[in-house]
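To start, the structure itself, in structure tokens.
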Amino acid sequence: MSVVGAQPFIKPMQALPSVSPGIQRRHTLPASEFRPLNTQDAISVFEIEREAFISVSGDCPLHLDEVRHFLTLCPELSMGWIEEGRLVAFIIGSLWDQDRLTTDALTLHKPRGSTVHIHILAVHRTFRQQGKGPILLWRYLQYLRCLPRVRRAVLMCEDALVPFYRKSGFKVLGRCAITVGSLTFTEMLYPVSGHAYMRRNSEAIRFPNHPLTLPLTKTDEHDGV
Ligand SMILES: CC(C)(COP(=O)(O)OP(=O)(O)OC[C@H]1O[C@@H](n2cnc3c(N)ncnc32)[C@H](O)[C@@H]1OP(=O)(O)O)[C@@H](O)C(=O)NCCC(=O)NCCS
């Protein structure tokens, strides 16, 4: 099955509960949900990026057109954390087909690759330092285990973030071949093994069909990683 074909986020059609004609249905936004992003989310994504990166270093990992590009080509490799209708954190990934990252990986999606290149993880400024980044990353990595083709996830990060990613189970691969101006990066790897659909009673099995409305606890965070 192709990664695209897997579409584990998409819920099977369910019969709607019958509603008496006279009864108005309440339209309330879920308190918290995780879902794949689409091109309509691109502006919200970029607003978070702009604050997180452009205001700090003058540039950002993905420009708006690149955000749209990846959300068009491989939306199933993105994940957004939405609270009351507002994007509070996100991950954007694409597929890559080599052992190590090269500059091509910054712009290309290789549908036959078995490596997910995590381009960016960012949390809205207002919601940082609340554990959301690690929780979203954990959910994303669990989700990847549901995609049969995926064997590993890689990313490049500034050295200061190496401990952050180590805590989520990433290992250092070494210095990344990609540089941006004078910036250098560490390349990190997460082995995506033991596909979740093989495991009974797994959170990763339940998640795609039943997006939880409550964030996981810190204890859940490192379970199974
Ligand atoms: C990095 C980021 C995703 C962390 O998410 P978060 O929800 O704020 O994370 P938390 O505050 O729960 O911190 C988790 C851990 O990461 C560390 N951490 C957070 N931001 C960090 C940073 N910029 N540099 C180094 N360590 C950082 C925290 O100290 C904490 O460590 P601890 O577990 O030892 O206490 C978030 O700060 C962010 O979006 N930053 C801007 C974008 C960015 O730099 N993204 C990563 C590169 S793509």
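Legend: ring pair (Phe, Tyr, Trp, His ring centres under 6.0 Å) pairs involving residues 163-185, not counting sequence neighbours, sorted by first then second residue: Tyr165-Phe170, Phe170-Tyr190. Applying the salt bridge (Lys or Arg N to Asp or Glu O under 4.0 Å) test to every pair with at least one member in residues 105-118, sequence neighbours left out, gives no pairs at all. Within the structure, the salt bridge (Lys or Arg N to Asp or Glu O under 4.0 Å) test picks out the following pairs touching residues 43-60 (sequence neighbours left out): Glu47-Arg50, Glu51-Arg125, Glu51-Arg128. Applying the salt bridge (Lys or Arg N to Asp or Glu O under 4.0 Å) test to every pair with at least one member in residues 63-75, sequence neighbours left out, gives no pairs at all.
Listed here is the closest heavy atom pair of Ser94 and His109: CB-ND1, 3.7 Å. Here the closest heavy-atom approach between residue Pro148 and residue Cys146 is recorded as CD-O, 3.2 Å.
A heavy-atom distance below 4.5 Å is found between the side chains of Met188 and Cys157. The shortest distance between side-chain heavy atoms of Arg145 and Leu141 does not fall below 4.5 Å. Using a 4.5 Å heavy-atom cutoff, the side chains of Val192 and Tyr143 are not in contact. A heavy-atom distance below 4.5 Å is not found between the side chains of Leu95 and Cys74. Annotation: side chain of Asp97 is not in contact with side chain of His117 (no heavy-atom distance under 4.5 Å). At least one side-chain heavy atom of Glu83 sits under 4.5 Å from a side-chain heavy atom of Lys132. Between Val116 and Leu77 there is a side-chain heavy-atom pair separated by less than 4.5 Å.
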If you apply the rule side-chain contact (heavy atoms from CB on, under 4.5 Å), what do you find for Ile118 with Leu137, and how did you get there? CA-CA 10 Å; Ile118 299 178; Leu137 185 57; 4.3 Å; yes
Pair Leu64, Ile43 - check side-chain contact (heavy atoms from CB on, under 4.5 Å), show working. CA-CA 7 Å; Leu64 182 56; Ile43 299 283; 4.1 Å; yes
Check against side-chain contact (heavy atoms from CB on, under 4.5 Å), Met156 and Leu106: CA-CA 10 Å; Met156 51 186 258; Leu106 300 179; 4.1 Å; yes
Please walk me through it: do Trp138 and Ser168 pass side-chain hydrogen bond (donor to acceptor under 3.5 Å, both in side chains)? CA-CA 7 Å; Trp138 182 86; Ser168 292; over 6 Å; no
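Once rounded to the nearest 0.5 Å, the distance linking OG of Ser78 with CG of Asn38 reads 8.0 Å.
Under the rule for a side-chain contact (heavy atoms from CB on, under 4.5 Å), the partners of Thr102 that lie at least two apart in sequence or sit in another chain are Trp96, Gln98, Asp104. For Thr126, the side-chain contact (heavy atoms from CB on, under 4.5 Å) partners two or more places apart in sequence, or in a different chain, are Arg86, His124. Residues satisfying the side-chain contact (heavy atoms from CB on, under 4.5 Å) criterion with Leu173, sequence neighbours excluded, are Arg100, Arg152, Val154, Glu187, Leu189. Residues forming a side-chain contact (heavy atoms from CB on, under 4.5 Å) with Asp159 (at least two apart in sequence, or on another chain): Arg175, Thr186.
Hydrophobic clustering, with ILVMFWY side chains joined whenever heavy atoms are under 4.5 angstrom apart, keeps Ile54 apart from Leu183. No path of Ile, Leu, Val, Met, Phe, Trp and Tyr side chains, each step under 4.5 Å between heavy atoms, connects Leu161 with Ile178, placing them in separate hydrophobic clusters. Residues Leu108 and Leu73 are members of separate hydrophobic clusters, defined by side-chain heavy-atom contacts under 4.5 angstrom among Ile, Leu, Val, Met, Phe, Trp and Tyr.
Other cluster members for Leu62: Leu37, Val45, Ile48, Phe53, Val67, Phe70, Leu71, Ile82, Leu87, Phe90, Ile92, Ile120, joined by side-chain heavy-atom distances under 4.5 Å among Ile, Leu, Val, Met, Phe, Trp and Tyr.
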